[in-house]
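Values reported hereafter were calculated over all heavy atoms of this structure, with side chains retained and with hydrogens, waters and symmetry mates removed.
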Amino acid sequence: TALPICLISASNPQLSVLDTLSKLSHDTDSEVAVNAIFAMGLVGGGTNNARLAGMLRQLATYYHKDANCLFMTRIAQGLVHAGKGTLTMNPYRADRTLLSPVSLGGLLSVLVSCLDVKHFLLGRFHYVFYFLAPAIQPRMLITLDEDLNPLPVSVRVGQAVDVVGQAGKPKTITGFQTHTTPVLLGYGERAELATDDYVSLTPIMEGFVILRKIETEE
């Protein structure tokens with residue numbers, strides 16, 4: 001059960017998911033425990049989640065005599081702190097409107113090998129972990145001018161709201177905070193410009209975004 005849970009919650013460490021995986025990580029069956037520990041790493045991949053990091057430290061102490069579980073705990077810790085908290089392993093792109101088949105393929109390759117974890121990841125084929133590389137991407141928003149130079153501007157970052165089919169100009173984010181780019185976007189978050197001096201050349205504020213200065217008539 002741990003593997004499908006982490007596939008649908010990649011880089012999205014919800015409390016209910018973490019509690020379920022934490023219970024499974026203490027299972028008497030070592031394969032279930034190892035898979036649950038790896039799933040914890042994938043669920044918190046690149047988020048620097050403090051609660052999850054604490055759980056993994058406790059697991060490292062709990063399994064200090066079990067080489068396989070300890071190895072997987074170290075891998076999970078590496079995934080949680082990947083890129084010092086600036087990366088994501090979620091296969092959805094472009095404001096969760098597109099699913100990257102390359103990212104999904106990378107995740108599935110590793111998760112399918114986890115079905116026989118003793119012979120694959122804990123055996124001779126530990127290099128299968130490298131299939132996670134295509135699934136990893138930065139989750140920061142960096143704004144550039146038209147000459148591709150960094151351009152710090154104010155942006156509002158908040159939880160995305162589904163406004164499809166609503167009349168008028170409804171608010172697309174809720175509970176926002178104002179930051180200056182570059183900023184990190186968490187799971188389910190959306191950014192919008194907080195200044196009227198620039199206009200974005202792309203409808204989706206994600207990754208590298210080129211801004212054009214609005215010419216004002218004097």
Enquirer: In the hydrophobic clustering that connects Ile, Leu, Val, Met, Phe, Trp and Tyr at side-chain heavy-atom distances below 4.5 Å, which members other than L144 occupy its cluster, ordered by chain and number?
Expert: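 ILVMFWY cluster around L144 also holds M140, I142, L148, L184, L201, F208, I210.
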
Enquirer: Run the numbers on V117 and F38 for side chain to side chain contact (heavy atoms under 4.5 Å, CB included), then give the verdict.
Expert: CA-CA 10 Å; V117 72; F38 175 68; over 6 Å; no

Enquirer: Testing the basics here: between S113 and V128, what is the closest heavy-atom pair and its distance to 0.1 Å?
Expert: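 Shortest heavy-atom separation between S113 and V128 comes out as OG-CG1, 3.5 Å.
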
Enquirer: Do I8 and L79 sit in the same hydrophobic cluster, where Ile, Leu, Val, Met, Phe, Trp and Tyr count as joined when their side-chain heavy atoms come under 4.5 Å apart?
Expert: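 Different clusters: I8 never reaches L79 through Ile, Leu, Val, Met, Phe, Trp or Tyr contacts under 4.5 Å.
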
Enquirer: Under the rule for salt bridge (Lys or Arg N to Asp or Glu O under 4.0 Å), what residues qualify as partners of D95, not counting sequence neighbours?
Expert: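 Only R190 meet the salt bridge (Lys or Arg N to Asp or Glu O under 4.0 Å) criterion with D95.
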
Enquirer: Between S11 and R139, is there a side-chain donor-acceptor contact under 3.5 Å, judged purely by atom types and distance?
Expert: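 Short answer, no.
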
Enquirer: What's the verdict on side chain to side chain contact (heavy atoms under 4.5 Å, CB included) for L193 and L211, showing C-alpha distance, side-chain angles and the deciding distance?
Expert: CA-CA 10 Å; L193 285 173; L211 302 180; 4.0 Å; yes

Enquirer: Does a side-chain heavy-atom distance below 4.5 Å link V43 with N12?
Expert: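 No - every pair of side-chain heavy atoms lies 4.5 Å or more apart.
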
Enquirer: Between atom NE2 of H81 and atom OG1 of T86, what is the distance when rounded to the nearest 0.5 Å?
Expert: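 The distance works out to 13.0 Å.
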
Enquirer: Quick one: does N68's side chain get under 4.5 Å of S30's, heavy atoms only?
Expert: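 Answer no - side chains too far apart.
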
Enquirer: Roughly how far apart are L59 CG and M72 CE, rounded to 0.5 Å?
Expert: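 The CE atom of M72 is 12.5 Å from CG of L59, to the nearest 0.5 Å.
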
Enquirer: Restricting to non-hydrogen atoms, name the atom on T97 and the atom on I204 that form the minimum distance, rounded to 0.1 Å.
Expert: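 Distance-wise, the nearest heavy atoms are OG1-CD1, 4.5 Å.
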
Enquirer: Parallel, tilted or perpendicular, judged at 30° and 60°: which one describes the rings of F125 and F120?
Expert: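 Answer is tilted, since the angle falls between 30° and 60°.
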
Enquirer: Taking all non-hydrogen atoms of both residues, which atom of A135 and which atom of R93 are closest, and how far apart?
Expert: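 For A135 versus R93, the nearest heavy atoms are O-NH2, 4.1 Å.
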
Enquirer: Going from CE on M89 to CG on L7, what distance comes out if it is rounded to the nearest 0.5 angstrom?
Expert: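 Atom-to-atom, M89:CE and L7:CG are 13.5 Å apart.
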
Enquirer: Once side chain to side chain donor-acceptor pair (under 3.5 Å) is applied, do any residues pair with H179, and if so which ones, sequence neighbours excluded?
Expert: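 So H179 forms no side chain to side chain donor-acceptor pair (under 3.5 Å) with any residue.
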
Enquirer: Quick one: ring pair (Phe, Tyr, Trp, His ring centres under 6.0 Å) partners of H64, sequence neighbours excluded?
Expert: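 H64 satisfies ring pair (Phe, Tyr, Trp, His ring centres under 6.0 Å) with no other residue.
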
Enquirer: When hydrophobic residues are tied together by side-chain contacts of less than 4.5 Å, even through go-betweens, does L104 share a cluster with Y187?
Expert: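 Shared cluster, no.
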
Enquirer: For C69 and V34, work out which heavy atoms get closest and say how close.
Expert: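 Where C69 meets V34 most closely, the heavy atoms are SG-CG2, 3.8 Å.
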
Enquirer: Does E146 reach the side chain of R212, with side-chain heavy atoms less than 4.5 Å apart?
Expert: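 SC-SC contact between E146 and R212 confirmed.
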
Enquirer: Keeping S103 on the side-chain end and L99 on the backbone end, is there a donor-acceptor pair under 3.5 Å?
Expert: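 Between the backbone of L99 and the side chain of S103 there is no qualifying donor-acceptor contact (under 3.5 Å).
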
Enquirer: Could you state the interatomic distance from NE2 (H26) to CG (L21), rounded to the nearest 0.5 Å?
Expert: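 Those atoms lie 12.0 Å apart.
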
Enquirer: Give the minimum heavy-atom separation between V17 and S9, together with the two atoms involved.
Expert: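 For V17 versus S9, the nearest heavy atoms are CG2-OG, 3.8 Å.
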
Enquirer: Is there any salt bridge (Lys or Arg N to Asp or Glu O under 4.0 Å) pair reaching into residues 35-55, and which pairs are they, with sequence neighbours excluded?
Expert: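 For residues 35-55: D19-R51.
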
Enquirer: Between Y92 and V102, is there shared hydrophobic-cluster membership here, with clusters defined by ILVMFWY side-chain heavy atoms closer than 4.5 Å?
Expert: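 Cluster IDs for Y92 and V102 differ.
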
Enquirer: In a check of side-chain contact (heavy atoms from CB on, under 4.5 Å) between I136 and each of L87, T88, N90, which one passes?
Expert: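 The passing option is L87.
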
Enquirer: Determine yes or no for a side-chain-to-main-chain donor-acceptor pair under 3.5 angstrom, with S22 supplying the side chain and L18 the backbone.
Expert: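 Such a contact is absent between S22 side chain and L18 backbone.
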
Enquirer: Backbone N or O of L121 within a donor-acceptor pair of the R124 side chain at under 3.5 Å?
Expert: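 Flag not set: sc R124 to bb L121 has no pair under 3.5 Å.
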
Enquirer: Identify the heavy atoms of S25 and I37 that sit nearest to each other, and give their distance.
Expert: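 The pair with the smallest heavy-atom distance is CB-CG1, 3.9 Å.
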
Enquirer: Given the rule that I, L, V, M, F, W and Y join up when any side-chain heavy atoms are under 4.5 Å apart, are V183 and F176 in one cluster?
Expert: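 In one cluster with V183: F176, no.
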
Enquirer: Would the distance check show the side chain of T143 and the main-chain N or O of L151 forming a donor-acceptor pair, the cut-off being under 3.5 Å?
Expert: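 Checking the backbone N and O of L151 against the side chain of T143, a donor-acceptor pair under 3.5 Å is found.
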
Enquirer: Between N35 and C114, is there a donor-acceptor pair closer than 3.5 Å when you use the side chain of the first and the backbone of the second?
Expert: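 Pair found, side chain donor or acceptor close to backbone of C114.
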
Enquirer: Does the pair L111 and L42 meet the rule for a side chain to side chain contact (heavy atoms under 4.5 Å, CB included), with working shown?
Expert: CA-CA 10 Å; L111 293 179; L42 208 57; 4.1 Å; yes

Enquirer: Do Q159 and E189 have side-chain heavy atoms sitting under 4.5 Å apart?
Expert: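 Yes; the side chains approach each other to less than 4.5 Å.
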
Enquirer: Is there side-chain contact between L115 and L3, with at least one heavy-atom pair below 4.5 Å?
Expert: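 SC-SC contact between L115 and L3 confirmed.
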
Enquirer: Mark yes when over 12 heavy atoms from residues, nucleotides or ligands other than D29 sit less than 6.0 Å from its CG; otherwise mark no.
Expert: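 For D29, atom CG is crowded (more than 12 foreign heavy atoms under 6.0 Å).
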
Enquirer: Is the count of non-hydrogen atoms from other residues, nucleotides or ligands lying under 6.0 Å from F71 atom CZ greater than 12?
Expert: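 Yes, the 6.0 Å shell around CZ holds more than 12 heavy atoms from other groups.
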
Enquirer: Are V32 and L70 in one and the same hydrophobic cluster, where Ile, Leu, Val, Met, Phe, Trp and Tyr link if side-chain heavy atoms are under 4.5 Å apart?
Expert: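 Cluster IDs for V32 and L70 differ.
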
Enquirer: Can you tell me how far apart CG (L52) and CD (Q77) are? Round to the nearest 0.5 Å.
Expert: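 With rounding to 0.5 Å, CG (L52) is 9.5 Å from CD (Q77).
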
Enquirer: I'd like to check the salt bridge (Lys or Arg N to Asp or Glu O under 4.0 Å) partners of E31; sequence neighbours left out, ordered by chain and number.
Expert: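 Residues passing salt bridge (Lys or Arg N to Asp or Glu O under 4.0 Å) with E31: none at all.
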
